[in-house]
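Lettering of chains follows the sequences in order, A, B, ..., and the numbering in each one begins at 1.
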Amino acid sequence: MDWAHLGIFVVVIIAFFLIMAMVFIWLERRLIGRFQIRLGPNRAGPFGVLQPVADAIKVLIKEDIVPARGDRWVHFLAPIIVFTPILMIFAVIPFGERAILADLNIGILYVVAISSIGTIGVFMAGWGSNNKYSLIGAMRTVAQMVSYEIPLVLSTVGVVLIAGSLSMVSIVEGQSIPFILLQPLGFLIYFLGASAEMNRTPFDLLEAESEIVAGFHTEYSGLKFAMFYLTEYGHALAVSAIVTTLYLSGWMGPGLPAFLWFLIKVFFVFFLVVWVRSTLPRFRVDQLMGFAWKYLFPLALVNIFVTAFEVLLWPDFPWPVIFANIFIAGALIVLWSRLFPLEGGVRFDRYGLGIAKGLALTFRHLFRTPITVQYPEERLNTSKRIRGNELLWDDEACNGCGACARACPVGIINLETRRGPEKGLLVERLDIDMGCCLFCGLCVEACPLGALFMGRGYERATYRRGQLVMDKERLALAGGEPSAYASPQIEAALPEQTLLVKGEMRGSRGHKGEGRWGWR
Amino acid sequence: MLDNYGYIGIFLIVAAVFAIALPLIPYILSLLGIVPRKPDQVKSSTYECGMDTVGSSWVQFNFRYYLFALLFVIFDVQVVFLYPWAVAIRQLGLFGIIEMLIFISILIVGFIYAWRKRTLEWK
């Protein structure tokens with residue numbers, strides 16, 4: 001037993017896991033932002049890199065709430081059981097040449113075995129919370145696991161066939177040609193199965209925030225919730241590392257150091273995962289089960305036997321076999337969709353083109369200027385005729401007729417006048433309670449002299465409701481920006497409305513002149 | 001070779017200790033007064049729609065899960081047989097492939113039966 005080796009790798013793996021999980025959290029949020037033409041988090045630190053740190057501190061000092069009706073112990077143990085196996089996966093991941101904690105001779109089997117333990121933890125979380133949303137999430141986990149696990153495991157058999165070994169190191173060393181070229185179908189099936197295993201969209205049925213609140217971790221808060229969150233990204237990291245090892249020739253690559261190659265490939269796979277996530281909507285449970293059992297499972301079996309024959313006939317895989325394999329993969333996908341449509345005649349190859357289009361669209365979004373407005377620093381010009389907050393009153397023009405107060409449907413305009421020394425009325429008091437204002441604009445329309453205007457502002461926050469009552473001084477026209485609502489005489493003087501601070505907003509098909517604002 | 005399993009065993013212990021230590025951090029911090037600990041009845045009630053929850057959520061499962069679980073167990077065990085076969089395929093040769101084809105096709109008959117019986121549909 002080499003204690004130095006053990007000590008170094010245990011520390012390195014835990015540090016790698018925690019740091020990379022935080023990097024992934026930041027990267028995913030930024031990437032999804034760009035895929036959706038937003039900016040993503042950018043306030044904490046340069047480019048928002050400290051965002052996960054800020055989240056971690058916040059989550060660390062939050063109260064730990066345990067549901068009264070739940071099972072305390074199961075509730076406590078669940079995050080631990082979810083977290084531990086994901087960390088354990090990294091024991092057999094080769095980070096570089098000889099940079100591996102334990103080169104087990106059953107490496108793949110170990111990964112497959114240990115990565116499905118997390119499901120038990122997720123189920124415990126759902127069961128121990130005694131919450132119906134959590135339990136639905138937990139049931140979905142089980143339904144999902146019994147479906148995707150078989151194709152996932154079968155697809156790795158193809159890799160084992162070619163490598164002739166279960167050890168992760170031998171598999172990497174056997175990849176003079178990356179196995180993604182020899183096993184295109186196996187790669188696709190593994191990628192789909194792994195997406196389901198790490199519960200990412202389109203397979204995030206068990207948390208499905210739009211349906212069942214937060215699914216299995218609805219009742220978790222504080223650091224226990226953070227553990228689920230960390231596990232999700234740790235699992236994404238683990239799957240990226242496994243895909244890198246099994247299909248992308250691991251740490252091998254020309255020029256750069258081994259560890260750097262490994263990292264580059266891991267980031268590439270994670271990019272794929274985020275890309276798919278930001279493009280596809282969520283599956284339904286029965287769709288996922290049907291897809292896994294009727295589609296992925298038979299294809300994975302066929303893939304195994306095709307590979308087995310190829311291994312016997314052409315042991316060193318000449319180039320024509322690679323092209324033949326890609327062709328076979330495509331043909332099988334299309335053929336199986338034709339022969340065995342799912343319920344309602346759903347054929348998966350029909351979706352293939354649509355999915356490719358969607359992926360291309362989201363990819364193009366990466367290169368577009370984000371439409372995010374950096375609010376306190378940047379502001380958009382409002383519409384010229386906006387009925388914004390705070391009415392504005394022209395002292396000079398007003399003759400105190402009270403038409404505005406009579407027109408107000410909610411009666412929030414309090415006007416007191418007295419007879420002036422020469423003629424007409426002088427306004428003593430004018431109080432408008434903006435807290436009750438409907439912004440209907442009837443007061444402005446009613447004013448015969450054009451002495452009342454709507455404001456153009458859109459920020460109205462006070463510490464006390466009393467501060468929302470505007471008096472004569474605060475309504476003074478000089479202090480604010482009047483809107484052109486019902487006052488067309490000032491319309492020409494106002495700045496044009498802006499919809500974007502930077503760049504031009506165009507529709508996804510790039511039709512420029514269509515509609516005034518292009519986007520809608 | 002056995003060393004490797006020793007590494008895995010020790011790493012399991014380290015990982016488990018690490019995982020158990022994490023939820024204990026807020027507990028220790030709450031003793032120091034950094035993390036609040038003010039449980040009340042409403043806060044620790046079940047998160048639902050704001051009303052009191054009706055009934056327990058510890059219910060029985062739909063039996064259809066059971067059918068899927070059965071299929072899952074059968075084919076998961078089949079995969080366990082596939083791994084050693086895959087490692088030794090070069091020694092076994094064509095005989096091995098035919099042997100495995102026969103083995104799988106027996107299981108596939110059951111799978112086709114389940115498919116035709118609409119067990120794979122959630123209705």
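Heavy-atom contacts from other residues, nucleotides or ligands closer than 6.0 Å to CZ of A:F76 number more than 12. Around the CZ atom of B:F103, the shell of radius 6.0 Å holds more than 12 heavy atoms that belong to other residues, nucleotides or ligands.
For A:V112, the part lying under 4.5 angstrom from a heavy atom of chain B is the side chain only. Residue contact with chain A, scored on non-hydrogen atoms closer than 4.5 Å, involves the backbone and the side chain of B:L71 alike. Neither the backbone nor the side chain of A:V159 comes within contact range of chain B; no heavy atoms are under 4.5 Å apart. Proximity to chain B is limited to the side chain of A:L18, based on heavy atoms less than 4.5 angstrom apart. For chain A, the nearby parts of B:I20 are the backbone and the side chain; heavy atoms of each come within less than 4.5 Å. Using a 4.5 Å cut-off between heavy atoms, B:Q78 touches chain A through its side chain atoms alone. Only the side chain of A:M227 comes within contact range of chain B, with heavy atoms under 4.5 Å apart. Residue A:I100 does not touch chain B at all, counting heavy-atom pairs closer than 4.5 Å. The parts of A:L87 that come within reach of chain B are both its backbone and its side chain, each placing non-hydrogen atoms under 4.5 angstrom from that chain. No part of B:I98 comes within reach of chain A, as not one of its non-hydrogen atoms sits under 4.5 angstrom from that chain. For A:L312, the part lying under 4.5 angstrom from a heavy atom of chain B is the side chain only. If you measure heavy-atom distances from A:F17 to chain B, you find no contacts under 4.5 Å at all. If you measure heavy-atom distances from A:K62 to chain B, the contacts under 4.5 Å come from the backbone alone. In this structure, the portion of A:I14 lying under 4.5 Å from any heavy atom of chain B is its side chain and not its backbone. The parts of A:P67 that come within reach of chain B are both its backbone and its side chain, each placing non-hydrogen atoms under 4.5 angstrom from that chain. Using a 4.5 Å cut-off between heavy atoms, A:L313 makes no contact with chain B at all. The contact between A:V160 and chain B is made by backbone and side chain atoms together, counting heavy-atom distances below 4.5 Å. In this structure, chain A has no heavy atom under 4.5 Å from any part of B:S30.
In terms of modelled atom types and a separation under 3.5 Å, the side chain of B:R37 and the main chain of A:D64 share no donor-acceptor contact. One N or O on the side chain of A:E63 and one on the backbone of B:K38 form a donor-acceptor pair closer than 3.5 Å. Proximity of a side-chain donor or acceptor of A:N131 to a complementary backbone N or O of B:Y47 within less than 3.5 Å is detected.
Counting heavy atoms from C-beta outward, B:I108 and A:L301 have side chains that approach closer than 4.5 Å. With a 4.5 Å cut-off on side-chain heavy atoms, A:I106 and B:Y5 count as touching. Between B:I10 and A:W3, some side-chain heavy-atom pair lies under the 4.5 Å cut-off.
Residue A:L161 comes nearest to B:R90 through the heavy atom pair O-NH1, 3.4 Å, listed as atom of the first residue, atom of the second, then distance. In plain terms, the two heavy atoms of A:L223 and B:P23 that are nearest each other are CD2-N, 4.2 Å.
Atom CD1 in B:I97 sits 4.5 Å away from atom CZ in A:F309 (nearest 0.5 Å). Taken to the nearest 0.5 Å, the CG atom of B:D76 stands 7.5 Å off from the OG atom of A:S116. A distance of 11.5 Å separates CG of A:L104 from OH of B:Y7, quoted to the nearest 0.5 Å. For the atom pair CG (A:L60) and CG (B:L22), the distance works out to 9.0 Å, reported to the nearest 0.5 Å. Atom CH2 of B:W115 is separated from atom CH2 of A:W293 by 11.5 Å, given to the nearest 0.5 angstrom. For the atom pair CG of A:L6 and CZ of B:F11, the computed distance is 9.5 Å after rounding to the nearest 0.5 Å.
Ranked by heavy-atom pairs shorter than 4.5 Å toward chain B, the options A:V146, A:N130, A:I61 are led by A:N130. Among A:T84, A:V82, A:V142, the residue with the largest count of heavy-atom pairs under 4.5 Å with chain B is A:T84. By number of non-hydrogen pairs under 4.5 angstrom with chain A, the leading residue of B:F72, B:F18, B:F75 is B:F72. Top candidate by heavy-atom pairs under 4.5 Å with chain A, chosen from B:I34, B:L92, B:V80, B:I104, is B:I104. Listed options B:I8, B:V14, B:L29 were ranked by heavy-atom pairs under 4.5 angstrom with chain A; first place goes to B:I8. The greatest number of non-hydrogen atom pairs below 4.5 Å with chain B, out of A:V10, A:D71, A:T307, A:L135, is found for A:V10. Contact count against chain B (heavy-atom pairs under 4.5 Å) is highest for A:F305 among A:F83, A:Y110, A:F305. Among A:V66, A:V157, A:I304, the residue with the largest count of heavy-atom pairs under 4.5 Å with chain B is A:V157.
Residues B:Y83 and A:T156 have side chains that bring a donor and an acceptor to within less than 3.5 angstrom of each other.
By the 30° and 60° cut-offs, the orientation of the rings of A:F297 relative to B:F111 is perpendicular.
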